[in-house]
Number of protein chains: 2
Amino acid sequence: MEAHADAIREKLKSKGLKITPQRVSILESFHVIGDHPTADQIIDLVRQKNPNIATGTVYKTLDTFVKNGVITKFRTESEAARYDFILTHHHHLFSSDDDHIEDYENKDLDQLLDDFFMRHNIPNFKIKAIKLQIIGRFSPS
Amino acid sequence: MEAHADAIREKLKSKGLKITPQRVSILESFHVIGDHPTADQIIDLVRQKNPNIATGTVYKTLDTFVKNGVITKFRTESEAARYDFILTHHHHLFSSDDDHIEDYENKDLDQLLDDFFMRHNIPNFKIKAIKLQIIGRFSPS
DNA sequence: GTCTCTGCAAACGTTTTGCAAGTAG
DNA sequence: CTACTTGCAAAACGTTTGCAGAGAC
């Protein structure tokens with residue numbers, strides 16, 4: 001029934017995490033919401049199928065996933081943290097009008113930045129990662 | 001006594017904001033804390049000289065300052081928002097070990113990014129600003 | 001004198017915690 | 001069987017709000 005269920009079980013197993021219905025539900029929700037959900041959005045969605053799931057459980061689970069490299073967590077201008085199912089290095093486009101966020105991935109850009117900082121070393125600082133926050137306006141396509 | 005007091009009064013006046021001891025204290029605190037303080041750090045510092053200042057007042061004041069372009073506000077991986085006294089466009093270096101943050105400003109970098117996105121247009125998106133989060137490790141100088 | 005700002009306390013939204021009961025392995 | 005996970009409720013944390021009194025201009 002759920003197309004991603006097997007892949008999700010595999011992923012949990014490969015990280016040495018126990019497979020529970022709650023965990024599977026939470027990971028499935030990323031495929032439905034797609035975007036970059038807040039904990040609250042995940043709770044709402046998961047409760048449609050599993051009304052008894054506790055708020056604390058979702059937070060603990062998301063935390064476990066972040067710690068085990070299943071998902072990542074980031075923050076925007078607004079209060080609530082957001083979770084990201086995509087693990088490969090990427091940047092974000094932020095709408096200046098609302099909370100909408102999209103991914104942006106471009107190897108040339110990353111190469112350009114690498115080259116730049118190779119040439120312009122920052123004193124007493126060793127770069128581990130560079131993330132761009134690209135703020136602007138989405139226009140209807 | 002306070003070296004920056006006059007400049008601060010000028011700045012408030014130029015923005016059409018009333019000059020109150022609380023507002024002056026809060027702006028002075030940026031020169032003491034230097035870094036990128038949280039509201040909480042500002043409250044602690046301001047209370048050393050002005051023990052009666054209310055939490056709500058500090059938040060409201062910081063908000064007023066942001067709205068009037070006196071300071072800016074941004075978020076990091078951690079919970080609390082941070083405030084920035086520097087208004088010119090700049091990027092941030094984030095310590096991967098602790099909460100330390102430093103500014104990074106480089107016109108060449110900004111030019112490089114402008115050129116890049118001029119050549120690589122993002123469909124249905126109009127860029128307004130680009131902020132780099134440069135994550136890494138500060139080494140003792 | 002007017003209008004804004006301040007202090008206070010209550011409340012809000014998000015997230016964390018402690019613990020007893022439940023469940024995956 | 002054991003260790004980890006869940007549900008629940010309380011509380012912690014950062015922040016916002018409403019209001020009455022105080023203060024800047």
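When reading the values below, keep in mind they use all heavy atoms of this one structure, side chains included, and skip hydrogens, waters and symmetry mates. Note that the structure is a prediction, hence the values are computed from the model and not measured. Chain letters run A, B, ... following the sequence lines, proteins first, then strands; residues in each count from 1.
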Below 4.0 angstrom, which residues in residues 71-82 of chain A have at least one non-hydrogen atom near DNA chain D?
Glu79(A)

Need two values: the first and the last nucleotide of DNA chain C, 5' to 3', having an atom under 4.0 Å from any heavy-atom of chain B.
dC3(C) to dT15(C)

Give, ordered by number, those residues of residues 15-23 of chain B having at least one heavy-atom distance below 4.0 Å to an atom of DNA chain C; if nothing qualifies, reply none.
Lys18(B), Thr20(B), Gln22(B), Arg23(B)

Name all residues meeting the side-chain contact (heavy atoms from CB on, under 4.5 Å) criterion together with Glu10(B); count only those two or more places apart in sequence or in a different chain, and write none if there are none.
none

Using the ring pair (Phe, Tyr, Trp, His ring centres under 6.0 Å) criterion, which residues pair with Phe74(A)? Sequence neighbours excluded.
His36(A), His92(A)

Should side-chain heavy atoms under 4.5 Å link Ile, Leu, Val, Met, Phe, Trp and Tyr, which residues sit in the same cluster as Ile86(B)?
none

Holding to side-chain contact (heavy atoms from CB on, under 4.5 Å), I want the full list of residues that pass it with Asn68(B), two or more places apart in sequence or in another chain.
Leu17(B), Thr64(B), Val70(B)

Quick one: list whatever passes ring pair (Phe, Tyr, Trp, His ring centres under 6.0 Å) with Phe125(B), sequence neighbours left out.
Phe138(A)

Closest heavy-atom pair, Val66(A) versus Lys73(A), reported as atoms and distance to 0.1 Å, is CG2-CB, 4.0 Å

Please tabulate, for the side chains in residues 40-48 of chain B, all donor-acceptor contacts under 3.5 angstrom to protein atoms that are two or more places apart in sequence or on a different chain.
residue	atom	partner	partner atom	Å
Gln41(B)	OE1	Thr38(B)	N	2.9
Arg47(B)	NE	Ile53(B)	O	3.0
Arg47(B)	NH2	Ile53(B)	O	3.0
Arg47(B)	NH2	Thr55(B)	OG1	3.4

Residues passing the ring pair (Phe, Tyr, Trp, His ring centres under 6.0 Å) test with Phe30(B), sequence neighbours excluded, are Phe85(B)

Taking the basic N atoms (NZ, or NE/NH1/NH2) and the acidic carboxylate oxygens, is any pair closer than 4.0 Å for Arg119(A) and Asp108(B)?
no

Does anything in residues 51-58 of chain B come within less than 4.0 Å of DNA chain C? Heavy atoms only, and list the residues if so.
Asn52(B), Ile53(B), Ala54(B), Thr57(B)

Based on the rotation axes of five pairs at each end, what angle does the helix from dG1(C)-dC25(D) to dG25(C)-dC1(D) bend through, to 10°?
40°

